[in-house]
*Asks:* 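Sending over a structure as structure tokens; questions will come in a sec.
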2 protein chains.
Amino acid sequence: MLSKKSQYAFKALAYLTEKYQQGPVLISEISTKKRVPLKFLENILLELKKADILESKKGKGGGYYLKKDPSQVKVAAIVRIVNGPIAMLPCVSLNFYKRCDNCDETACGLHDIMIKVRDATLNVLETKTLIDLLPMK
Amino acid sequence: MLSKKSQYAFKALAYLTEKYQQGPVLISEISTKKRVPLKFLENILLELKKADILESKKGKGGGYYLKKDPSQVKVAAIVRIVNGPIAMLPCVSLNFYKRCDNCDETACGLHDIMIKVRDATLNVLETKTLIDLLPMK
DNA sequence: AAACAGTCCACATAGTTGGTAGGATAGGCT
DNA sequence: AGCCTATCCTACCAACTATGTGGACTGTTT
């Protein structure tokens, strides 16, 4: 399951996608409009900035805004940043691979199943972008 | 990600699938063969029994064994028992549904994305069974 | 300089995870 | 009946993660 943090991140990103190319948006505005605890949101946005998703400006007229066009930012990337691995097992993760203990990957049925799950999941998450966060008109 | 508990559960189930119709298997045997902490494994097997996946026998000659034919037990069922919801959000879970706060499901882009992920995932997990845990010959 | 708004660090608290201890319970055998 | 066996059950624990909060600091704008 996605953490609360991740859900907050997506709410914030949806808001920033709406406001794309309309200048910086205050953390406090996102917080009140999307009902996300202010200080918690601060941390999340900062993390997204460090991951190169957002850009920020300090001082009057400052705030956060999307660094790239929302249609270019994949949902999969966001999940990896705020929620961690997408795969259900470390040994089938593309971005967070870790060998599993006492388990020969070449002879592990679960391994194969989880690769299929990963591919099916990525097939969705890698094709959806921030644009898809907005409700259809 | 699947918890350690879930991974242990699958190891144990793989072993019991191998030994299907060969009588009860001791917890201690599974523990040593699959390198799963004994007491932890006890809890896991008990949970699987309560969930109607396993059957047990006490006393001499006792142990655990599969209640149904392994080809009839879906991997999805095991994940739900030992790991919880398969969906990435409560509001798109079939078996653990919970409405999300401050979020209109009919106008939530994330909701739609996660439904697609859920369906793609279930498409794999509902078609794989315990048999698929065993390595191909 | 003053107001503003993000940055950073430290902490608090609650809940989950992974694992252990010890005894209760029940079946099998002589 | 009485003993062995093996599961069943309750409680507990340490470590970690998730979810926040508080307060001081840095840089910008006017």
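Each chain gets a letter, A, B and so on, in the order the sequences are listed, and its residues count up from 1.
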*Asks:* Roughly, in whole Å, what's the span from CD in A:Q7 to C1' in D:dT19?
*Replies:* 12 Å
*Asks:* Rounded to the nearest angstrom, tell me the gap between atom CE in B:M1 and atom P in D:dT17.
*Replies:* 12 Å
*Asks:* Identify, between A:N43 and A:G63, the residue whose nearest nucleotide on DNA chain C lies closer to the 5' end.
*Replies:* A:G63
*Asks:* Ignoring hydrogens and geometry beyond distance, is a side-chain donor-acceptor pair present between B:S31 and B:S28 at under 3.5 Å?
*Replies:* no
*Asks:* Across nucleotides 22-30 of chain C, 5' to 3', mark each nucleotide with B, S or - according to how protein heavy atoms within less than 4.0 Å reach it.
*Replies:* B--BSBS--
*Asks:* Taking CD1 from A:I44 and P from D:dT21, how many angstroms apart are they, rounded to a whole number?
*Replies:* 11 Å
*Asks:* Would you indicate, yes or no, if C:dG18 has its OP1 or OP2 atom less than 4.0 angstrom from a side-chain nitrogen or oxygen of B:Y8?
*Replies:* no
*Asks:* At under 4.0 Å between heavy atoms, what does A:L45 touch on the DNA or RNA strands: base, sugar-phosphate, or nothing?
*Replies:* nothing
*Asks:* Between B:K50 and A:N83, which has a closest nucleotide on DNA chain D that is more 5'?
*Replies:* B:K50
*Asks:* Just the rounded figure in Å: distance from C1' of C:dA5 to CG of A:L41.
*Replies:* 13 Å
*Asks:* Below 4.5 Å, heavy atoms only, C-beta onward: do B:I44 and B:E47 meet side chain to side chain?
*Replies:* no
*Asks:* Between P on D:dA18 and NZ on A:K4, what's the gap in Å once rounded to a whole number?
*Replies:* 14 Å
*Asks:* Have a look at B:L38 and say if it touches a base, only the backbone sugar-phosphate, or nothing, with a 4.0 Å heavy-atom cut-off.
*Replies:* nothing
*Asks:* Please check if the side chain of A:S6 supplies one atom and the backbone of A:L2 the other of a donor-acceptor pair under 3.5 Å.
*Replies:* no
*Asks:* Name the nucleic acid region contacted by A:I27, choosing base, sugar-phosphate or nothing; use a 4.0 angstrom heavy-atom cut-off, strictly under.
*Replies:* sugar-phosphate
*Asks:* For the pair made of CD in B:E55 and C1' in D:dT7, what is the distance, rounded to whole Å?
*Replies:* 12 Å
*Asks:* In Å, rounded to the nearest 0.5 Å, how long is the span from OG of B:S56 to OH of B:Y65?
*Replies:* 7.0 Å
*Asks:* If only atom types and distance count, is the side chain of B:T17 paired as donor or acceptor with the main-chain N or O of B:L13 below 3.5 Å?
*Replies:* yes
*Asks:* Could you tell me how far apart B:F40 (CZ) and D:dC13 (P) are, to the nearest whole angstrom?
*Replies:* 18 Å
*Asks:* Between A:E29 and A:R35, does any side-chain N to carboxylate O distance fall below 4.0 Å?
*Replies:* no
*Asks:* Could you check whether any side-chain heavy atom of A:Y20 comes within less than 4.5 Å of a side-chain heavy atom of A:L130, counting everything from C-beta outward?
*Replies:* no
*Asks:* Are any of B:K49's side-chain N or O atoms less than 4.0 Å away from OP1 or OP2 of D:dC9?
*Replies:* no
*Asks:* Within this structure, what is the CZ-to-C1' distance between B:R35 and C:dG19, rounded to whole angstrom?
*Replies:* 18 Å
